[in-house]
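Written out below as structure tokens is the structure these notes cover.
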There are 2 protein chains.
Amino acid sequence: MDSKIVSLRSKLEIYKSGSGGGNIADCPVRDVIQGISNKWSSLLMMALAEKPYRFGELRRLVPDISQRMLTQTLHDLQRDGYVHREVFPTKPPSVEYSLTDLGRSMFGPLQQLLQWAELNHGAVRAARATFDAV
Amino acid sequence: MDSKIVSLRSKLEIYKSGSGGGNIADCPVRDVIQGISNKWSSLLMMALAEKPYRFGELRRLVPDISQRMLTQTLHDLQRDGYVHREVFPTKPPSVEYSLTDLGRSMFGPLQQLLQWAELNHGAVRAARATFDAV
DNA sequence: TTATATTGGTCTCAAAAAGAGACCAGCACT
DNA sequence: AGTGCTGGTCTCTTTTTGAGACCAATATAA
């Protein structure tokens, strides 16, 4: 696993950067990462990266999310600037969610991680099986 | 398996892949991602990517993690095969945590996301400010 | 000697977050 | 008049997390 210049800086510095007092607790990178490190964010980002979806469509697409958490996660993604919410004056009104430019930008690296997961889920499951067998 | 250029596939397919019944709920990629999409995993991965650390060192490095969650997150990362735990027979015994090959492999794409966060946290904070101002 | 600190945890209890599901208003269709 | 669809919110319960006490064995300090 030769790191081909993954980073000239100490890796921890990425997290520490910007925190003047050297306190890793209120680090802006942590702040950003924690906004997307939750159960549903990456899944919804992935759905919306494919195409815009309406609220009910997302709910059907992800059957095991509660309506409450779908509302809340979309709200948080919108607040952080990844998702655009648009209400259409149909009857009843319909709401469409889509990625913003910032959202598409963030989805690039996120997708790399998802691809890694796709390629390596066998190894992870094997590791779990080994660990649990002991 | 056959396509190198994943962007040609529907992005949702990454999540759906492997789920025979087409049910996105028990998808292996979701399974893997959710193991690292929690509050402390990426932070500890980043610390251990720099160098191995002992339990107490990690606790001091991340002052706002509770001892309970540090134990649990390290345990989960070890179970998924990202982290190696080694006990040294000092007195009192010391425990060192380090990344496995799988962990280093996963940290590659994860680091891309962290770098994105470092570069774009200004935009995210601005989006939040705009959203909250309304 | 006695007191205190260190190691890496676990245990309990309180607080926060998430899940389940009822409920809502407005309108269309039957 | 009843039913269904829209995108939510509200309440209640369960799960997860946080705060902090406690642990045994040893080393160091007083």
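By convention in this document, chain letters (A, B, ...) are assigned in the order of the sequence lines, proteins followed by strands, and residues within each chain are numbered from 1. This is a predicted model, so every value here is computed, not measured.
In terms of position along DNA chain C, the nucleotide closest to B:Val95 lies nearer the 5' end than the nucleotide closest to the other residue of the pair A:Gln72 and B:Val95.
The CZ-C1' distance, from B:Phe55 to C:dT6, rounds to 13 Å in whole Å. At whole-Å resolution of the value, CZ in B:Arg54 and P in C:dG9 are 11 Å apart. Regarding B:Asn38, its CG atom lies at a distance of 12 Å from the P atom of D:dT16, rounded to whole Å. Regarding B:Arg59, its CZ atom lies at a distance of 10 Å from the C1' atom of C:dT7, rounded to whole Å. Whole-Å rounding puts the A:Leu58 CG to D:dT6 P distance at 13 Å. As a whole-Å value, the separation of A:His75 NE2 from D:dG8 P is 10 Å. For B:Glu96 and C:dT7, the CD to C1' distance is 15 Å, given to the nearest whole Å. Whole-Å rounding puts the A:Leu70 CG to D:dG8 P distance at 9 Å.
Across all strands, A:Phe88 comes closer than 4.0 Å to no nucleic acid atom at all (heavy-atom distances).
A salt bridge links B:Arg125 with A:Asp31: the distance from a Lys NZ or Arg NE/NH1/NH2 to an Asp or Glu carboxylate oxygen falls below 4.0 Å.
For the salt bridge (Lys or Arg N to Asp or Glu O under 4.0 Å) test, no residue two or more places apart in sequence or in another chain qualifies with A:Arg54. By the salt bridge (Lys or Arg N to Asp or Glu O under 4.0 Å) test, B:Arg59 pairs with no residue at all, sequence neighbours left out. Taking the side-chain hydrogen bond (donor to acceptor under 3.5 Å, both in side chains) definition, one finds that A:Ser41 meets it with A:Asn38, sequence neighbours left out. In this structure, the side-chain hydrogen bond (donor to acceptor under 3.5 Å, both in side chains) partners of A:Trp116, at least two apart in sequence or on a different chain, are A:Asn120, B:Ser105. Here B:Thr100 pairs with B:His84, B:Leu102 under the side-chain contact (heavy atoms from CB on, under 4.5 Å) rule; sequence neighbours left out.
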Polar-atom pairs under 3.5 Å, protein N or O versus N or O of nucleotides 13-15 of chain D: list them with distances, or write none.
none

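With contacts defined as side-chain heavy-atom distances shorter than 4.5 Å, the pair A:Leu44/A:Tyr53 does not qualify.
Among pairs with a residue in residues 102-113 of chain A, those fulfilling salt bridge (Lys or Arg N to Asp or Glu O under 4.0 Å) read A:Asp101-A:Arg104, at least two apart in sequence or across chains.
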Just list the side-chain donor-acceptor pairs under 3.5 Å for residues 91-98 of chain B, sequence neighbours left out, or say none.
residue: B:Ser94; atom: OG; partner: B:Thr90; partner atom: OG1; Å: 3.2
residue: B:Tyr97; atom: OH; partner: B:Arg85; partner atom: NE; Å: 3.2

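Proximity of A:Tyr53 to the phosphate of D:dG7: no side-chain N or O atom is located under 4.0 Å from OP1 or OP2.
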* Which letters describe nucleotides 18-30 of chain D, given B = protein heavy atom under 4.0 Å from base, S = only from sugar-phosphate, - = neither? -> BB------S----
